Amino acid sequence: MRRTRIFGTGKAVPAKVVTNRDLEKFVDTSDPWITLRTGIKERRILEEGRTTSDLAAEAGRAALLAAGLPASSLDAIIVCTVTPDSPLPACAVHVQQKLGATCPAFDLAAACAGFIYGLSVADGLCRTGNFQRVLVIGVEVLSRAMIDWSDRNTCVLFGDGAGAVVVGPSPVDDERGILSTHLFADGTQAGALRVPAGGVALPTSPATVAERQHFVKMNGKGVFAHAVRNIARASLTAIEKNGFAPEDVTWVIAHQANLRILEAVAEKTRLPMAKFYLNIHKYGNTSSASIPIALDEAVRDGTVKPGDLLLMSALGAGFSWGSALVRW
Ligand code: ACO
C-alpha cells in the first residue's frame, strides 16, 4: 500500500506581536516568570476584523502553493480547531469558500492534539483510495474565544496562529510519507482543562457571562504531569511500533506548549533536546496550530531534509493525545 505523503506545508501568524513585557502592563506577571516557567517570550494576537477562517485559509493557500496544487484539486478539507468563527456552521466551510474549493469540508476538535488527529484521519482517507489530496489545517484564535485576559494562570500561555499541510497518496512506492499515527484519549481527565459554559451542559446566560464561565479554566500542574507522561509514551509508541530506536529520529516536531514539558519529555524518552525543533518563544501555545507551524518553519528554513525521520507528538484538553512518525 502506498504511503500518504506531505506534499506542501504553510503557515499564517497574525502580524500583531504581544511580548511578556506588554502583558506586565495589565496583568500581575513578569517576563522572567513567564520565560522561566514556559520558555515563551512573545505571542501573536489576531487583529480585529479577521477571523479563524481567514487565518486558516491563508495557511491553506501557502500549503497549496508549496505543493504546486490549485484549491480545485482538493478532495477534502479538515480544519482542526476549538475556536471556530461561530458554533454553526463548521469553520471548514468558510475556509473552503475562501480558498475557492468545492470539496467536502469539516471541523475536528481535539484541542492541542487536533493536528495529530487531523493528520491521522487524512492518512486514513487517503489509504481508502477515494481521496487524492486532503488539506489539513490546525488553527486557533484562543485570544478572542477563550482567554481570560485577567487570569495570569492562563493568559500568558497562549497565542493565535494557523499551520497547514496538503497530503495525498505517494505517487510511487517509496519510503517517504506517514509511517504511522497513534491516537489516545482519557475522558476521566476532562475537568483538567475546560471552558465550562456556552454548550448544552451550561448554556450561555447573563449569569455565565458575569461569572466568566466562557473562559478557559486549567489545573496547570495536572496538565503538566499528564502532558509529560503521555507525550513521552506516545512518542516511544510511534518509534517502537516502526522498529526504530530514539537515536533514529532526526527531528521532534512536538506540540509547543511549554519548554519545560518538552525538556521533561526529552529526559523520559532519551531523545536529546537538540533534536526538538523549538519556536515556542515566538508564538506561545497555539494549540492545534503549533505542530504544523513548527513543521512549516523547519521545512522552509532547511532544518528538515528529505529522508529525515520526523516524530510529531501532542497532548491537549480531554485529555486527547497522539503521535505520528513521518519519513520526510
Ligand atoms: N505570573 C506570575 N505568577 C504567576 C503566574 C504568572 N503568569 N501564573 C501563576 N503565578 C503564580 C501562582 O499564583 C503561584 O503563586 P502562589 O505560590 O503565591 O500561589 C505561583 O506563581 C506558582 O504557581 P504554580 O502554578 O505552582 O506554577 P507552575 O510552576 O506549576 O507553573 C504553569 C504554572 C506554567 C501553568 C505550569 O503548571 C504549566 O505549564 N502547566 C501546563 C499547562 C499547559 O501547558 N497548558 C496548555 C494547554 S494543554 C497543553 O498544551 C499541553
Side-chain angles (χ1 to χ4, degrees), residues 18-43 80-83 109-117 138-143 145-161 163 184-187 189-195 215-235 252-266 268 276 278-281 283-294 312-323:
V18 174
T19 65
N20 293 346
R21 296 276 179 218
D22 293 330
L23 295 182
E24 287 176 1
K25 291 172 196 152
F26 61 89
V27 67
D28 182 15
T29 189
S30 68
D31 173 51
W33 193 98
I34 301 170
T35 305
L36 194 72
R37 293 290 213 292
T38 71
I40 299 165
K41 295 300 284 182
E42 58 188 43
R43 70 283 296 141
C80 312
T81 189
V82 290
T83 52
C112 300
F115 180 75
I116 298 290
Y117 268 66
V139 60
E140 303 294 357
V141 182
L142 292 154
S143 69
M146 285 187 188
I147 299 305
D148 183 346
W149 287 104
S150 66
D151 177 10
R152 69 177 183 173
N153 291 298
T154 51
C155 77
V156 303
L157 302 176
F158 299 98
D160 302 334
F184 309 91
D186 178 5
Q189 301 297 320
L193 183 53
R194 70 196 204 289
V195 173
F215 294 121
V216 71
K217 314 287 177 198
M218 182 182 74
N219 166 4
K221 282 195 195 304
V223 172
F224 193 101
H226 280 272
V228 171
R229 190 179 324 127
N230 292 323
I231 291 175
R233 273 193 200 154
S235 298
V252 185
I253 315 279
H255 172 44
Q256 312 276 311
N258 182 316
L259 184 59
R260 287 191 307 145
I261 290 177
L262 296 181
E263 286 169 347
V265 168
K268 267 189 180 295
F276 283 67
L278 300 172
N279 63 8
I280 187 166
H281 53 289
Y283 305 125
N285 181 347
T286 57
S287 189
S288 61
S290 90
I291 289 179
I293 290 175
M312 303 175 193
S313 200
L315 174 137
F319 294 122
S320 304
W321 68 99
S323 59

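Index from 1, following the sequence. For ligands, and for the atoms within them, numbers begin at 1 and follow the listed sequence. It should be emphasised that the depicted structure is a prediction, and the values quoted were computed from it without experimental measurement.
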Please could you name the atoms of ligand 1 that [X] approaches to less than 4.0 Å, counting only its heavy atoms?
X    : answer
N258 : 38 (C), 39 (O)
L193 : 47 (C), 48 (S)
M218 : 35 (C), 42 (C), 43 (C), 45 (N)
F158 : 46 (C), 47 (C)
N153 : 8 (N), 9 (C)
H255 : 49 (C), 50 (O)
L315 : 49 (C), 50 (O), 51 (C)
A257 : 44 (O), 49 (C), 50 (O), 51 (C)

For [atom], what's the nearest protein heavy atom and its distance?
atom                    : value
atom 28 (P) of ligand 1 : R37 NE, 3.6 Å
atom 30 (O) of ligand 1 : K221 NZ, 3.1 Å
atom 6 (C) of ligand 1  : T29 OG1, 3.3 Å

Contact check, side chains of [X] and [Y], non-hydrogen atoms, under 4.5 Å:
X    : Y    : answer
K217 : T154 : no
V18  : L23  : yes
I147 : V216 : yes

Please find the pair of heavy atoms, one from [X] and one from [Y], that lie closest to each other, and give the distance.
X    : Y    : result
N279 : Q256 : N-OE1, 2.9 Å
L262 : L278 : CD1-CD2, 3.7 Å
R37  : R260 : O-NE, 2.8 Å
W149 : S143 : NE1-O, 3.1 Å

- [ ] Determine, using heavy atoms of I34 and all atoms of ligand 1, whether some pair is separated by less than 4.0 Å.
- [x] no
Task: Salt bridge present between D160 and R43 (N-O < 4.0 angstrom) - done: no
Under 3.5 Å between any N/O of [X] and any N/O of ligand 1: does that happen in this structure?
X    : answer
T38  : no
S30  : no
G220 : yes

- [ ] Look at the aromatic rings of F184 and W321 and report parallel, tilted or perpendicular, splitting at 30° and 60°.
- [x]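 Parallel, since the angle between the ring planes stays under 30°.
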- [ ] Could you grab the distance from atom OG1 of T29 to atom CG of D151, nearest 0.5 Å is fine?
- [x] 11.0 Å
- [ ] Please state which part of V156 comes within less than 4.0 Å of ligand 1, counting heavy atoms only: side chain, backbone, both or neither.
- [x] side chain
Task: Side chain, backbone, both or neither: V27 near ligand 1, heavy atoms under 4.0 Å - done: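 For V27, there is no contact with ligand 1 at all, from either part.
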